[in-house]
K.L.:
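Take this structure first; my questions come after.
Residue numbers start from 1 in every chain, and the chains themselves are labelled A, B, ... in the order their sequence lines are given, proteins ahead of strands. As the structure is a prediction and not an experimental result, all values here were calculated from the model.
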Amino acid sequence: MNNDIKKSFIKARRKKIGDTFPNLNTIQKDAVLTTSGPLLILAGAGSGKTTVLTNRIANLIRFGTASDSDTIPEHISKEEMLAFVDGDAECSDKICAVSPVPPWRIIAITFTNKAADELKNRLQSLVGEQAEDIWARTFHSACVRILRRFADRLGYPNSFTIYDSQDRLSVMKSIIRELDLNDKTFVPKVLLAKLDAARDELLSPQDFKERYNSSGDPRERKLCEIYEIYADRLFKAGAMDFEDLLYNTIRLFKEHPDVLSLYQKQFLYVLIDEYQDTNNLQYMLASMLAEGHGNICVVGDDDQSIYKFRGATIENILNFENQFKGCKTIRLEQNYRSSGHVLAAANAVISNNRGRKGKTLWTTAEEGEKLLHYVAQNEDDEAQFVANKILENYEDGGKFSDNAILYRMNAQSNRLEFAMKRNGIPYKVYGGTKFYDRAEIKDVLAYLSVILSPADDLRVLRIINKPARGIGKTAVERCVEVAAAEGKPLFEVLKNSYTYDELRKFSSKIIPFTDMIIELIELSATLPLDRLFEELLDKSGYARSLLETNTVENKSRYENVNELLTNIQSYMTNSEEPSLFGFLDEVALYTDLDSYDESSDCAVMMTMHSAKGLEYDNVFVVGVEESIFPGLASIGDTAEMEEERRLCYVAITRAKKKLVLTSARQRMLFGRTTSNMPSRFTEEIPSENIERGGYLPPRQKIEEFAAARSFRREGYKGPAATNLNASSGEIAKYSAGDKVVHRVFGSGVIASLKPVGGDALLEIIFDTAGKKLLMLKTAAVYMSKE
DNA sequence: CGCACCACAATTTTT
DNA sequence: TTGTGGTGCG
C-alpha cells in the first residue's frame with residue numbers, strides 16, 4: 001500500500017514537473033526530464049535544441065533528479081504525498097526537488113562565444129542570477145579557465161599567452177627559414193595542420209618521433225624535428241596556440257589525476273552542444289569530465305557536420321551510443337523554423353547521403369512559398385536578381401535584416417556587395433578582415449601581451465621597432481642570436497644589451513625601449529586597464545606615430561585603436577574582476593561573428609559555414625553551381641561530397657520563409673570566365689517544392705550531364721557506391737581479420753565485428769591512426785577491402 | 001627603413 | 001580578379 005502511494009507520487013511528480021515546462025513538446029520534455037546517465041539528443045535543424053538544453057539545466061537546478069528518480073526525500077510525509085497526488089497544487093521545491101544541482105556543478109560547452117552567450121542569456125531568464133555560476137563556455141575558454149589555474153603544473157606560467165593563427169604561422173615560418181627548408185615542400189599551413197593532427201591524437205613531440213623517426217620518408221622525419229622546435233618555442237615563450245589549450249588541458253588531467261578528480265567531482269553534469277563538430281581532444285575532454293558522475297548529455301545533428309576539414313570527426317556523434325553505455329537517445333524532429341517547402345527540400349537533399357543516423361524533419365507550419373532556383377546569365381545578373389528580390393521583400397514590409405545571402409567562398413561576396421551598393425541596400429559582410437586581425441590592433445595588443453609576459457619573443461619582435469625607434473634589422477638579428485646562444489628570452493638580453501660586446505653599439509636605442517616596457521609593467525600593477533592602455537599609447541609613441549603622418553589609413557588606424565579603448569572599458573564594466581590577461585583571453589578567443597549585431601537593419605552576407613546556427617526569413621544561396629557548390633575538390637570523392645551536401649542542408653535550413661538558389665550560366669572566377677552546370681543539389685530538390693526559372697540549360701542537357709557524371713562515378717569508384725540498405729549483405733562482406741583501407745584512417749585490420757541492430761560495430765586497428773571504433777554503415781562509405 | 005612593385009594562389013575556418 | 005607576401009631599391 002505504502003508502495004502504491006510512493007509510486008503514484010513519483011509518477012505525479014514527473015508529470016507536474018513536466019507541466020512547469022508548458023512550451024515544450026512531448027519529446028523535448030522527455031529530454032528535459034531525463035536527468036541521469038548518458039543522453040544523446042539528435043536535434044534536427046530548428047528543432048529547439050537550445051531551448052531543450054537550457055530548460056534541462058533549469059530543471060536540474062530547480063528539481064534535481066526528481067523527474068526521473070525513485071527517491072523521495074524523507075521529510076515528505078504520507079499525507080503530503082497523497083495531497084500532492086490528488087490535489088492540483090503546483091509542484092513546490094520542497095515537495096518536488098530531489099538534490100537540486102548547484103549551478104556551479106554544471107558545465108555546458110559550446111563552440112562559439114556567440115552560442116555560449118546565448119546560452120547564458122537564456123539561462124539568465126530561466127533561472128535568474130544563478131546562471132552566472134554555470135560554466136557556460138566554449139571549449140577553449142573552459143580550458144583557459146582551467147589552465148589559468150593549473151598551467152604551472154605543466155611548467156607553463158599561469159599567465160601564459162595565447163597565440164592566434166597568425167602568431168603560430170609566423171613561428172612556423174621562422175622555423176622553416178631557420179632550418180633552411182623550402183616552403184614549397186614544407187608549406188607552413190600544411191605543417192601546422194599536421195601538428196594539430198598530432199596533438200589531436202595526443203602525440204607529444206617525443207611520441208611523434210617514436211612513430212615517424214624511423215619512417216622512410218625524410219619529410220616525416222623532418223616534421224618530427226619541426227614539431228619539437230615548435231613546441232619548445234611556444235613553451236619557452238609561455239605561449240599556447242588554440243590546439244594547445246585543449247591538448248594541455250588533457251595532458252594536465254592525465255598527468256595530474258588530483259586536478260582531474262577536482263573537476264570530475266565538481267561537475268555533476270556535463271552538456272555539450274554541436275557534438276557533431278567535436279574533434280578527438282574535445283571528445284576526450286568531455287568524457288574525462290563526465291567520468292566523475294556519468295552524466296553526460298550531448299546535443300548534435302550529424303547532418304550538420306560541416307567542419308571535418310578542421311578535425312571534427314563525425315564518428316564522435318555516430319558512436320556516442322557505443323562509447324557511453326546505457327545511453328538514452330532522443331530525436332528532436334519537429335522543426336519550428338521553416339515552412340513546409342523549405343523543409344521538404346532540406347529532407348530531400350540530405351536523404352542522398354549514406355552515412356547518417358537518419359532523421360526526418362517535419363513541421364505543422366504552412367507549406368509556404370515554393371523555393372526558387374534562378375539561373376542567371378552571369379554573376380552580375382545573379383547579384384542584381386538577389387538585390388531585386390531583397391528590395392521586393394523590403395517593399396512587402398520586411399526588414400533588410402530579414403535577408404541573408406550565403407555563398408560557398410568569401411571571394412564570391414564582391415559582386416554582391418556592388419549590387420547592394422548600387423541598389424542602396426544596407427548590408428554587412430561577416431567573415432572579412434576581423435577587427436582584432438588588423439595590424440594596428442595586433443600591435444597595441446602585442447604591447448599589452450609583452451607587459452604581461454615579457455618572455456614572449458614573438459610579440460617583443462613585433463613591437464620592438466613599432467613605431468620606428470631606430471632598432472634596425474641587424475640590431476634585432478644580433479640580439480636574437482645572442483638570446484638563442486644564451487638560452488634566454490629576448491627581452492632579458494635586450495634589457496642587458498650593454499653587457500654584451502656585440503650589442504653595445506645598439507644599446508642606446510634599445511634601452512629606452514626596454515625602460516619604457518619596464519615602466520609600463522610597473523604601471524600595470526597599479527593603473528586600471530584603460531589608463532594603462534592610454535599610457536601605453538603615449539609612452540610607446542604609437543599614437544603619435546599615427547597622428548604624425550596624416551593619411552586616410554592612419555586616421556582609420558587611429559580610430560581603430562581608440563575603439564579598442566572603448567572595448568577595454570566595456571570589458572571593465574562587464575567583468576567582475578577585470579584583469580589584463582582576462583581581457584587578452586577574451587580578445588584571443590574572440591571571433592568576427594561575435595560582433596554580430598542584429599539590431600541594425602542590414603542585409604547580411606556570409607559563407608554558409610558561418611551561417612550555421614542562424615536563421616532568416618529570406619535566404620539567398622548564390623553560386624549554386626557544379627565546381628563551386630559542390631566545390632571542385634569534392635567532386636569525385638564521396639566523403640567530401642557528403643560534407644558538401646550537409647553544408648547544403650545547413651544552408652537550406654537557415655530559411656524560415658523564402659529560399660532562393662541562384663546559379664550563373666557564365667561567371668568570372670579568379671579572372672577567368674567559366675561556365676558551370678547548375679549544382680546537382682538543385683536537382684535533388686523535388687519539382688513540387690521548387691520553381692525553376694531564368695536561363696536554365698535545356699532539360700536534355702541537364703540529363704546528359706547527370707548521366708555523364710554518374711558514368712564517371714561508376715567508372716572511378718569502387719566500394720563507395722555500395723548500397724548500405726542491404727546491410728546484412730554489407731555485414732557479410734566484412735569479417736574479423738580482414739585488411740581494409742579507410743579513406744581517412746588509412747589501412748588497417750578489423751579486430752572485431754559485432755552486429756548491432758541492422759548495423760555492425762567494427763573495431764579496426766589502423767596502421768597509423770591506431771584503434772578506432774566505427775559503425776559499419778558509416779565506415780563502409782569510406783572504406784574498402786584490401 | 002619604408003615603400004613600390006611583382007609573383008603567386010584562391011574552398012570552407014566555431015577558437 | 002583580388003589580396004597578400006616577399007624582394008629590392010631609393
K.L.:
Cation-pi check for Tyr542(A) against Arg557(A): NZ or CZ below 6.0 Å from the six-membered ring centre and within 45 degrees of the axis, yes or no?
P.N.:
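No, a cation-pi geometry is absent between Arg557(A) and Tyr542(A).
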K.L.:
If you assign each of Gly470(A) and Ala633(A) to its closest nucleotide in DNA chain B, which residue comes earlier from the 5' end?
P.N.:
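Its nucleotide being nearer the 5' end, the pick is Gly470(A).
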K.L.:
Asn414(A) has a side chain; which of dT2(C), dT11(B), dT14(B) sits nearest to it?
P.N.:
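Side chain of Asn414(A) sits closest to dT2(C).
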K.L.:
Mind checking Ile471(A) for me? I need base, sugar-phosphate or nothing, with any heavy atom below 4.0 Å counting as a touch.
P.N.:
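Here Ile471(A) touches the backbone only, sparing every base.
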K.L.:
Where does dT11(B) land, syn or anti, once you apply the within-90°-of-0 test for syn?
P.N.:
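Chi for dT11(B) falls in the syn range.
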K.L.:
Any donor-acceptor pair under 3.5 Å linking the side-chain atoms of Asp196(A) with those of Tyr247(A)?
P.N.:
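Judged by distance alone, the side chains do not pair up.
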K.L.:
Could you pull out all residues at least two apart from Gln276(A) that satisfy side-chain hydrogen bond (donor to acceptor under 3.5 Å, both in side chains)?
P.N.:
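Per chain and number, Gln276(A) pairs via side-chain hydrogen bond (donor to acceptor under 3.5 Å, both in side chains) with Glu274(A).
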K.L.:
If I pick the P atom on dT4(C) and the same atom on dT13(B), what distance separates them, to the nearest angstrom?
P.N.:
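Each nucleotide's P atom is 15 Å from the other's.
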K.L.:
On DNA chain B, does the nearest nucleotide to Glu643(A) precede the nearest nucleotide to Thr474(A) from the 5' side, or the other way round? Give the residue.
P.N.:
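It is Thr474(A), whose closest nucleotide lies nearer the 5' terminus.
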K.L.:
Tell me whether the OP1 or OP2 atom of dT13(B) has a side-chain N or O from Ser610(A) closer than 4.0 Å.
P.N.:
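For dT13(B), OP1/OP2 do have a side-chain N/O of Ser610(A) under 4.0 Å.
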K.L.:
Figure out the CG/C1' separation between Asn378(A) and dT1(C), and round it to whole Å.
P.N.:
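Distance check: Asn378(A) CG to dT1(C) C1' gives 15 Å.
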K.L.:
Within a radius of less than 6.0 Å around NZ of Lys505(A), do more than 12 heavy atoms belonging to other residues, nucleotides or ligands occur?
P.N.:
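No - once you tally the heavy atoms of other residues, nucleotides and ligands closer than 6.0 Å, there are 12 at most.
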K.L.:
How about NZ on Lys120(A), more than 12 heavy atoms from neighbouring residues, nucleotides or ligands closer than 6.0 Å, or not?
P.N.:
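Correct, the count exceeds 12.
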K.L.:
Could you tell me how far apart Met606(A) (CE) and dT11(B) (C1') are, to the nearest whole angstrom?
P.N.:
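About 18 Å, once rounded to whole Å.
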K.L.:
For Arg665(A), give me all partners under side-chain hydrogen bond (donor to acceptor under 3.5 Å, both in side chains), at least two apart in sequence or on another chain.
P.N.:
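Arg665(A): no side-chain hydrogen bond (donor to acceptor under 3.5 Å, both in side chains) contacts found.
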K.L.:
Tabulated below should be each protein N or O lying under 3.5 Å from an N or O of nucleotides 5-10 of chain C; please produce it.
P.N.:
none

K.L.:
Once you apply a heavy-atom cut-off of 4.0 Å, does Tyr307(A) come out as touching a base, just sugar-phosphate, or nothing?
P.N.:
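The answer is base, as Tyr307(A) lies within the cut-off (heavy atoms under 4.0 Å) of a base atom.
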K.L.:
Starting at atom CZ of Arg415(A), determine the distance to atom P of dT2(C), rounded to an integer number of angstrom.
P.N.:
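Atom CZ in Arg415(A) sits about 7 Å away from atom P in dT2(C).
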K.L.:
Using whole Å, report how far CD1 of Ile464(A) lies from P of dC1(B).
P.N.:
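So the CD1-P distance, Ile464(A) to dC1(B), works out to 10 Å.
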K.L.:
Assign Gly472(A) to base, sugar-phosphate, or nothing according to its heavy-atom contacts below 4.0 angstrom with the strands shown.
P.N.:
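Result for Gly472(A) = sugar-phosphate.
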K.L.:
Would you say Thr607(A) reaches dT13(B)'s phosphate, i.e. side-chain N/O to OP1/OP2 under 4.0 Å?
P.N.:
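Yes, Thr607(A) has a side-chain N/O under 4.0 Å of OP1/OP2 on dT13(B).
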K.L.:
Name the closest nucleotide to the Arg310(A) side chain, picking from dA10(B), dT14(B), dT2(C).
P.N.:
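The closest nucleotide is dT14(B).
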K.L.:
Write down the distance between CG (Leu669(A)) and P (dT12(B)), rounded to a whole number of angstrom.
P.N.:
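Going from Leu669(A) (CG) to dT12(B) (P), I get 11 Å.
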K.L.:
Return the value, rounded to whole Å, for the distance between atom CZ of Phe670(A) and atom P of dA10(B).
P.N.:
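Going from CZ in Phe670(A) over to P in dA10(B) covers 9 Å.
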K.L.:
Which residue, Ile134(A), Thr54(A), Ile57(A), forms the side-chain contact (heavy atoms from CB on, under 4.5 Å) with Leu271(A)?
P.N.:
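The passing option is Ile57(A).
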K.L.:
Round to a whole Å and report the spacing from CZ of Arg654(A) to P of dT12(B).
P.N.:
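Those two atoms, CZ and P, are 19 Å apart.
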K.L.:
Could you please name the option among dT11(B), dT14(B), dA10(B) that lies closest to any side-chain atom of Glu644(A)?
P.N.:
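Closest nucleotide to the Glu644(A) side chain: dT11(B).
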K.L.:
Kindly assign one of parallel, tilted or perpendicular to the pair Phe267(A) and Tyr263(A), based on the angle between their ring planes and the thresholds 30° and 60°.
P.N.:
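Plane angle under 30°, so parallel.
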K.L.:
Taking CG from Asn410(A) and P from dT4(C), how many angstroms apart are they, rounded to a whole number?
P.N.:
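Taking CG of Asn410(A) and P of dT4(C), I get 12 Å after rounding.
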K.L.:
Tell me every residue that passes salt bridge (charged side-chain N to carboxylate O under 4.0 Å, His left out) with Glu417(A), counting only those two or more places apart in sequence or in another chain.
P.N.:
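So Glu417(A) forms no salt bridge (charged side-chain N to carboxylate O under 4.0 Å, His left out) with any residue.
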K.L.:
dG5(C) and dT12(B): how far apart are their P atoms, nearest whole angstrom?
P.N.:
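About 15 Å, rounded to a whole number of Å.
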K.L.:
Can you tell me if Asn353(A) and Tyr649(A) form a side-chain donor-acceptor pair at under 3.5 Å?
P.N.:
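The criterion, which ignores hydrogens and geometry beyond distance, is not satisfied for Tyr649(A) and Asn353(A).
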K.L.:
Side chain of Lys473(A), heavy atoms from C-beta onward: which of dC1(B), dT11(B), dT2(C) has the nearest atom to it?
P.N.:
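Taking heavy atoms from C-beta onward, the closest nucleotide is dC1(B).
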K.L.:
Kindly give the atom pairs (protein nitrogen or oxygen, nucleotide nitrogen or oxygen) under 3.5 Å for nucleotides 2-8 of chain B.
P.N.:
none

K.L.:
Who are the side-chain hydrogen bond (donor to acceptor under 3.5 Å, both in side chains) partners of Asp164(A), not counting sequence neighbours?
P.N.:
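Expected list: Lys442(A).
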